[in-house]
Amino acid sequence: MEIEKVAPSIRKLIGIINYEFELDLLEKTRKRPHTEARMILSKILTDRYKYGRSRIADLLDMNHATVVYYLQQIPFLLKHEKPLSEKYET
């Protein structure tokens, strides 16, 4: 999905996450910081915006199974990775 077609509030959210992580989460890479940023975005979109997994996958240009995996892993990471948890709480 093209970022221009996304609601302004979601574009702003992506901008905030990019700022906090100092990266572009839409960049096609499997580097850990990018993956963690996409996990945070997926969690927020699911919890606060009620986005479905397929819709998030379309936004991030990935398979919905990857989003399912992100949503399964993020609670553990937030519990055990203090720096990631601090960024999420910000």
Side-chain angles (χ1 to χ4, degrees):
M1 178 182 297
E2 295 177 25
I3 193 70
E4 295 80 27
K5 295 181 181 180
V6 177
S9 60
I10 304 303
R11 274 186 270 156
K12 185 175 181 178
L13 176 61
I14 291 170
I16 291 168
I17 294 172
N18 284 341
Y19 177 79
E20 286 297 322
F21 281 82
E22 299 176 358
L23 51 75
D24 177 9
L25 66 83
L26 298 177
E27 182 182 340
K28 288 289 237 182
T29 181
R30 291 171 40 187
K31 293 179 181 175
R32 179 135 187 189
H34 290 78
T35 302
E36 289 176 344
R38 288 191 290 265
M39 286 180 175
I40 295 292
L41 177 65
S42 297
K43 179 165 178 49
I44 293 171
L45 289 176
T46 300
D47 294 349
R48 298 187 186 160
Y49 291 89
K50 305 303 181 205
Y51 269 41
R53 282 117 175 102
S54 294
R55 190 170 180 193
I56 296 169
D58 288 344
L59 173 66
L60 296 175
D61 192 27
M62 59 179 49
N63 189 295
H64 84 281
T66 305
V67 176
V68 170
Y69 175 78
Y70 285 173
L71 294 172
Q72 288 173 346
Q73 297 301 309
I74 195 66
F76 177 83
L77 291 174
L78 290 174
K79 184 176 179 181
H80 297 287
E81 299 284 338
K82 188 164 178 74
L84 181 62
S85 178
E86 289 172 352
K87 286 180 182 179
Y88 175 71
E89 295 300 325
T90 304

Worksheet item: Listed by chain and number, what are the side-chain hydrogen bond (donor to acceptor under 3.5 Å, both in side chains) partners of Arg48, not counting sequence neighbours?
Response: none

Worksheet item: Should Tyr51 and Ile44 count as side-chain neighbours, where that means a heavy-atom distance under 4.5 Å?
Response: no

Worksheet item: Where the side chain of Lys28 meets the backbone of Asp61, is there a donor-acceptor pair that is under 3.5 Å apart?
Response: yes

Fill in: Heavy-atom neighbours of Tyr49 OH exceed 12 at 6.0 Å
yes

Worksheet item: Do Leu45 and Leu13 touch side chain to side chain, with heavy atoms closer than 4.5 Å?
Response: yes

Worksheet item: Would you say the side-chain atoms of Asn18 pair up with the backbone N or O of Leu25, donor to acceptor, closer than 3.5 Å?
Response: yes

Item to complete: Write out all pairs satisfying side chain to side chain donor-acceptor pair (under 3.5 Å) with one or both partners inside residues 71-81, taking only residues at least two apart or from two chains.
Response: none

Worksheet item: How long is the span from the OH atom in Tyr69 to the CG atom in Asn63, to the nearest 0.5 Å?
Response: 14.0 Å

Worksheet item: Shared ILVMFWY cluster between Val68 and Leu77, side chains joined below 4.5 angstrom?
Response: no

Worksheet item: Would you call Leu59 and Arg55 a side-chain contact if the rule is heavy atoms closer than 4.5 Å?
Response: no

Fill in: Heavy-atom side-chain proximity of Tyr70 to Met62 below 4.5 angstrom
yes

Worksheet entry | Pairwise side-chain contact, Leu84 with Phe21, heavy-atom cut-off 4.5 Å (strictly under) | yes

Practice prompt. Determine whether Arg38 and Leu41 make a side-chain contact, defined as any pair of heavy atoms from C-beta on separated by less than 4.5 Å.
Written response: no

Worksheet item: For His34, does the NE2 atom sit with more than 12 other heavy atoms under 6.0 Å from it, leaving out its own atoms?
Response: yes

Discussion item. If the test is side chain to side chain contact (heavy atoms under 4.5 Å, CB included), which one of Lys43, Glu36, Lys87, Glu86 qualifies with Leu78?
Written reply: Lys43

Worksheet item: Same cluster or not: are Phe76 and Val67 linked, directly or through other Ile, Leu, Val, Met, Phe, Trp or Tyr residues, by side-chain heavy atoms under 4.5 angstrom apart?
Response: yes

Fill in: Atom pair OG1 (Thr66) and CE (Met39), whose distance is rounded to the nearest 0.5 Å
10.0 Å

Discussion item. Would you compute the distance between atom OG of Ser42 and atom CG of Leu71 and round it to the nearest 0.5 angstrom?
Written reply: 5.5 Å

Worksheet item: Are Ile17 and Ile10 connected in a single hydrophobic cluster, I mean Ile/Leu/Val/Met/Phe/Trp/Tyr linked by side-chain heavy atoms less than 4.5 Å apart?
Response: yes

Discussion item. Rounded at 0.5 Å granularity, tell me how far CD1 in Ile14 sits from CG in Leu26.
Written reply: 5.0 Å

